[in-house]
Every structure is written in structure tokens, then in C-alpha cells.
Number of protein chains: 2
Amino acid sequence: MHKQEVTIYDVAREAKVSMATVSRVVNGNNNVRKETRDRVLEVIKRLHYQPNAVAQGLASKRTTTVGLIVPDLTNLYFAELSKGIDDIALLYKYNIIITSIENRLMKEDQVIQSLLNKQVDGVIYMSNRLPNEAAEAFKRTNTPVVLAGTKDNRDEFASVTIDYKKADTEALNLLMHDGKKNLALVVGDEDAVVNGENRIPAYKDFIKENNLGEPHVYTGVKDYSDGYNLYPQLVKDGIDGVIVTRDISSVGILNSAMDAGRKIPEDLEIVTASATQLASVVRPALTTIKQPLYDMGAVAMRMLTKLMNNEEVDETHIELPYELVKKQSTLNQ
Amino acid sequence: MHKQEVTIYDVAREAKVSMATVSRVVNGNNNVRKETRDRVLEVIKRLHYQPNAVAQGLASKRTTTVGLIVPDLTNLYFAELSKGIDDIALLYKYNIIITSIENRLMKEDQVIQSLLNKQVDGVIYMSNRLPNEAAEAFKRTNTPVVLAGTKDNRDEFASVTIDYKKADTEALNLLMHDGKKNLALVVGDEDAVVNGENRIPAYKDFIKENNLGEPHVYTGVKDYSDGYNLYPQLVKDGIDGVIVTRDISSVGILNSAMDAGRKIPEDLEIVTASATQLASVVRPALTTIKQPLYDMGAVAMRMLTKLMNNEEVDETHIELPYELVKKQSTLNQ
DNA sequence: AGGAAAGCTGTAAACGCTTGCACTTAGAGC
DNA sequence: GCTCTAAGTGCAAGCGTTTACAGCTTTCCT
């Protein structure tokens, strides 16, 4: 980076005003006489002046930048959330610094710290569970945080989710009413608050209340091959209906069953819990708990803008409506 | 953002040295006596000092931030490229500001200008075609740019791609040797340099050289439903082998054919040109021109680090090897 | 021992902007 | 005509770093 070609000072000199006035024009402060404003704007245009956001950030202590913390960019669940976030961020003129934190060289809270050092005005957090060090760092720097599509067990951070317990219960009901007797739950990370404190308890309660025998919770099923390889175990355990939290694992199970010559949904009903593109393009198409991912991202970002402006926020734990969409991987369409 | 709790000045006072020395310690400059360094480090730890990256950026004129310009976050092609970029960026301690530019409120070059105002040290560009205004802005600010998975018709910007002409020709050969007579090419954006100046000419040359009749190039096929709706037209035109640039469109064509009761690959052979996750999870699995997306991203980012350091770069137009992977959507596996 | 070189540290001027405060001017109200 | 208010503008002190430059110590040769 070489010396900046044209600064606010050049504009000021050329327009025969002070830097302060140029700054006011640039920032839309209306305490400037129209003629002065026009003159300044003309010079800005003529000189191709562009404000240096780094200097603005240092002087104003606002960077108009938010941090996005995401486990994995190539997971469509997060990609669709991010899209909602991104659109609203653009609307409010925030830039996004994105950092993914899975399988990394650096520890999660180091990555987060580096984000805070960049003086982001706020953070949207989408990973499973907020580590203590990170929570401390957020509080210490007083940075607003919104969790999108995830929860935290302390109730300190705002969040945007769906009602996971209700959604899963509804899906389990669907399977049960289809006559399935041996229902299972397949999750990625059991340490995730959404799973450990919402989905799994909801599932266990359902099994107990309906006298459906022993619960079967399969954990650590994170990608396509995990799902693919799990299928024989499901057969062995006599599972005939399953809720899978990750789309890609659902597809793994689906393909494994198909490759083994089984019939979906007759032999096994599958409900997937995310509803990314993936769920609808495979055949048979997957019945899904359709989470409004784009909207969740958008709402989270909108809430963050309020928090960053110290505006009143009436509800910091927002649950958006989901929809149970029946496709070909369950009966009774 | 409130006043920063602890600054380099506090550390200096506490450690009884000057700011300059603290700065040297922080930046790993080894012109500091060991005892002094240890004392400073101790204070840094004790006070929880973290350097303010914005102030560093202003003073040093380097932000250790790079801009990523991507059409669409939810397109796995870009997500996988981004992952490679992200990993290398982390390795070299760069943060990433990501901006997507499709269907937006703001014009592309405005978005890019806002990125430049943030004083990014470099940019990785992944969209179809670099607009003139943007190219001018990059040159004016002297910001290094690397194109990843895309090309530019002026030869001014570094790029990392595969040899699209060769890849497509090879794929067309495969289809021809399977006995297909009426080959088509389906692309998203015909204005994209990769399509307009590489894939389409390669296709047309092949058709002409092999006397395969009239060329059939279908353009503007961008998403799932575009592909789905195109299929009847392919039937009408008697197409029996097709290369599709976007995975999601390939899947649309595939499902459309299956839903119509046709057989793939017997009735239609499909080669898809990206090789994201999508191509391998659908059934029949798609034969693909497997682009090394992760590596392309990684190589692009690595090259950018060199450009940002004014290091010697021997080759600025890198073509990585691809692989033609035969799956179930073509014969002769 | 004497001088040069190398190592270590501090001073202070940037970097490009925002913003509180004070000042000027012009009009309004009387 | 005089005071008062408000709008418009400039001054200058930050914001938290980096980095020449200079100066002081050591160390190393011969």
C-alpha cells in the first residue's frame, strides 16, 4: 500500500473549506450550507476522493464492519444463513469479515480475538457452542453478539432460531403416525446446545411418553460418509424412522439404503432437519423440517444493527416459524 | 464502541519503556533485549493488552485484510473455492472481507469501491467478468488482484484456472466415443469470459471438426429450475449428450429426465463441469470435469500473498490440472 | 586501549479522519 | 437598534499505532 493519493485535506484545500466541513459533507451532516456542500461535492468528484475507512474507524471508533463466525463455508446450512446476513448487512452498509473455525490451525478463541482486534462493531456467531474465553472477550470489549441458528446455554447472548423441540416432536409424530415403531435421532455434534439441550431431550421425552422402547441417538454423524456408513447400523438396530439433523448426512443414509436395494420410505422413513437445496434435489426428495435459514440470517443481522446502535430491542431470543414439508422420504404425501 | 480499555501506552508506562519498544515487541522485531522483551510481554499478558488493528492499519498502511468478491455464497462452486482461500489466508494471518455481488441493491463497482475504502491489501475476484470501473479502481489504488476460477479478457490480472478448452474437448470426446451424435453445451452466463472465450469456442470447434452438425449452445441456464425446464427442449432438439457448466443445472436436467421416465445415461449422457458435492450425491451420480476447487482457491490466495509482499511471482496465469471422472451419467464406466 | 560496529531504546512526527468547542454571521423578535 | 438564537464554519485535539532518526551502550577487533 502506498501513500494515499487524495485525502480529505486535499479536498479541503481545493474547495477552500476546512477538513471539518468536508467531513461533514462526506458524512451527510446537514449543518452545511447548500452552496458549500455542492462545492465540496464537486471537488470530491473531480479529485476522485474516497474516504479512508481505516482512518474513519480510528477517529470515530466505529468500523461499520461485523464479524461472521461460521464452522464451515461449504455447508449449505451456513451458506444460506450467511446469505440472509449478507443482504441485510449490505442494506445497512456494513462489511462482513468472515472467519470459519472448524479444523483449524488456530484455536477458536484466538480467531475470535483477531476479529475483535479488527474492531468489528458486532458479531454474528453460528457455531455450536460459544467457548468461555470467547464469551469473556465479547463481554470485555462490549461487542454485541447475535447467535444465528444456534444457541448458547448461558442466556447472555441474543439468538435467532426455530423451536427445535417443537419441530422435532412434530416430525416424530409424523413418523409415528406413519406406523413406524423404532424411531432414531441422528445428530452431528452432541455437545451443541441445540442438540444436547433441545433435540435430544425432546426426542427422549417423545420416546418415553409414547412407549416406543429404548431411545436410539446416534451422535457424531457429520458428513456424507458418516451417514452412508451409519446405515447398516440402523438396519441392525431395526430402525424404521429417523430424524437427521444434517442434510448431507441424510443424503448419505438415503444413498446407502438405495445402494443396498432398500426402499425409501417403505423400509426407512427419513426426515431431515435443515432444508437446504440438497434435501430437495436428491431422489426420493427428503421430507424436511424446513428452517427459514435466509430469514434467520436476515433477522439476526437486523437485530445486530439495533444492538450496535444501542437501540431498544424488545425480544432478544427470537424463534421463527418452521414448516414440516412432506416429500418422498415419508409416506402419506 | 467505547474507549479502548488498554492501549500500547498503558503497557509502555507499566513496563517502564517507550511505546516504540512495546510496538517492537508486539511486532516481533528482534531489536529488543531479552529482559526488556520479557518484561513487556509480562505486562501485555497481565493487562490483557491487544493491539488495535485499525490503528495499526492506519500507521503501517497495511491492514492484513483481503477482499473476496464472489457472486453467490450459496453456490458450492464458490464455497469450495472460498474454503481454499480461507485456509491459506488464515495461515498467513489475513482476515477476509467477503462481499457477494449478485442481485444486489448496489452496483458491483460501488461494492468494490467500498472494499477498497476499507484499505484491503489485496483482492480475490471470483465473478464472471471484471467490470471496467472496477479494473480502473484496482489499478488506481494499486491493489493486487487474483482471479480464481475465472478469467478476464484483458490480460492484466493474475488468475488461477484450469484449461477449460482442453477439459471440454476431452469431455466431448468421451461423449462422442460413447456413440452420441448430437452434443450440446449448456452454460450459465454467456458473457463470462470462461464461457464466451473458452468453453463455447472449444465446443464449436469440436462440433465443426467432427462434423457433428449444428452446434447447440444453451445459455442463461443458471439454477435448478433453469435446468429442469430446459430438458424438454433438449429432447425436442434431439440432444443425446450434454456438457453443463453448473452442477445445480445438471441436477435439474437429470431430475427432469428421470421424472419424465427417461434413462440416464442411455437416453442422455450428462457431464457436469464443476464437481461440487452435488454432483456426487445425486443418483445416477454425474460424470464430471473435476476442477480442483479447493486447490484453486489456495493457490490463488498464496499468489496474492506474494503479490502483496512485492515478491517475485514467476507465473501469474496458473492452470491447475483437472480430472475427468466417469460416473453413472455416462456409459462405459 | 581505541575506534568502529552493532545492539538497544526513546522521541516525536506521521497516518487520515472525527468531533467538541468556539467563533462568526444573519435573521428574528421586540 | 439591540439582543438572542441558530446555522454554518474552522480550530485543534484526539483516535492508537508505526517508524525514521538519533542517541546511548555494549561488544568486537586489531
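To find a chain, count down the sequence lines: A is the first, B the second, and so on, and within it residues start at 1.
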Query raised in the report: According to a strict under-4.0 Å criterion, is A:S23 in side-chain N/O contact with OP1 or OP2 of C:dC17?
Result: no
Query raised in the report: At under 4.0 Å, does any side-chain N or O of A:R33 touch on OP1 or OP2 of D:dT9?
Result: yes
Query raised in the report: Which part of the nucleic acid, if any, lies within contact of B:N30, taking any heavy atom under 4.0 Å across all strands shown: a base, the sugar-phosphate backbone alone, or nothing?
Result: sugar-phosphate
Query raised in the report: Which sits closer to the 5' end of DNA chain C, B:R24 or A:A59, going by the nucleotide each is nearest to?
Result: B:R24
Report summary line: In whole angstroms, the gap separating P of D:dC11 from CD1 of A:I8 amounts to 14 Å
Query raised in the report: Tell me: CG of B:N29 to C1' of D:dA20, nearest whole Å?
Result: 13 Å
Query raised in the report: B:Y49 side chain N/O closer than 4.0 Å to the phosphate oxygens (OP1, OP2) of D:dT17?
Result: yes
**Report entry** Atom-pair distance (CZ on A:R39; P on D:dG8), nearest Å
**Finding:** 14 Å
Query raised in the report: Does the side chain of A:N52 get closer than 4.0 angstrom to OP1 or OP2 of C:dC15 through an N or O atom?
Result: no
Query - B:V32 side-chain proximity, nearest of C:dT9, D:dT18, C:dC17 - result: C:dT9
**Report entry** Backbone N/O of B:E133 and side chain of B:D109: donor-acceptor pair under 3.5 Å
**Finding:** no
**Report entry** Distance below 4.0 Å between A:S60 side-chain N/O and C:dC17 OP1 or OP2
**Finding:** no
Requested in this report: Please tell me which of A:L58 and A:K34 maps to the more 5' nucleotide of DNA chain D, matching each residue to the nucleotide holding its nearest heavy atom.
Outcome: A:K34
Query - Phosphate-side-chain proximity, A:T21 and D:dG10, N/O vs OP1/OP2 below 4.0 Å - result: yes
Query raised in the report: For C:dT9, does either OP1 or OP2 sit under 4.0 Å from a side-chain N or O belonging to B:T36?
Result: yes
Query raised in the report: So what does B:V17 touch, heavy atoms closer than 4.0 Å: a base, only the sugar-phosphate, or nothing?
Result: sugar-phosphate
Requested in this report: Can you tell me the distance, in whole Å, between the CG atom of A:L47 and the P atom of C:dG16?
Outcome: 15 Å
Query - A:K83 with A:D86: basic N within carboxylate O range, under 4.0 Å - result: no
Query - Salt bridge flag under 4.0 Å for residues B:E42 and B:R46 - result: yes
Report task. Measure from the side chain of B:S18, starting at C-beta and using heavy atoms only, and say which of C:dG10, C:dC17, C:dC8 lies closest. Result -> C:dG10
Query raised in the report: Salt-bridged, A:K306 to A:E312, with N to O below 4.0 Å?
Result: no
Report task. Considering just the side-chain nitrogens and oxygens of A:N31, establish if one lies under 4.0 Å of OP1 or OP2 belonging to D:dT9. Result -> no
**Report entry** Flag side-chain contact, heavy atom, 4.5 Å: A:V66 against A:I97
**Finding:** no
Query raised in the report: Between B:K34 and B:D38, is there a salt bridge with N-O shorter than 4.0 Å?
Result: yes
Query raised in the report: Roughly, in whole Å, what's the span from CG in A:N27 to P in C:dC17?
Result: 11 Å
Query - Spacing of B:K61 atom NZ relative to D:dT18 atom P, expressed in whole Å - result: 14 Å
**Report entry** Separation of atom CD in B:Q56 from atom P in D:dC15, rounded to whole Å
**Finding:** 17 Å
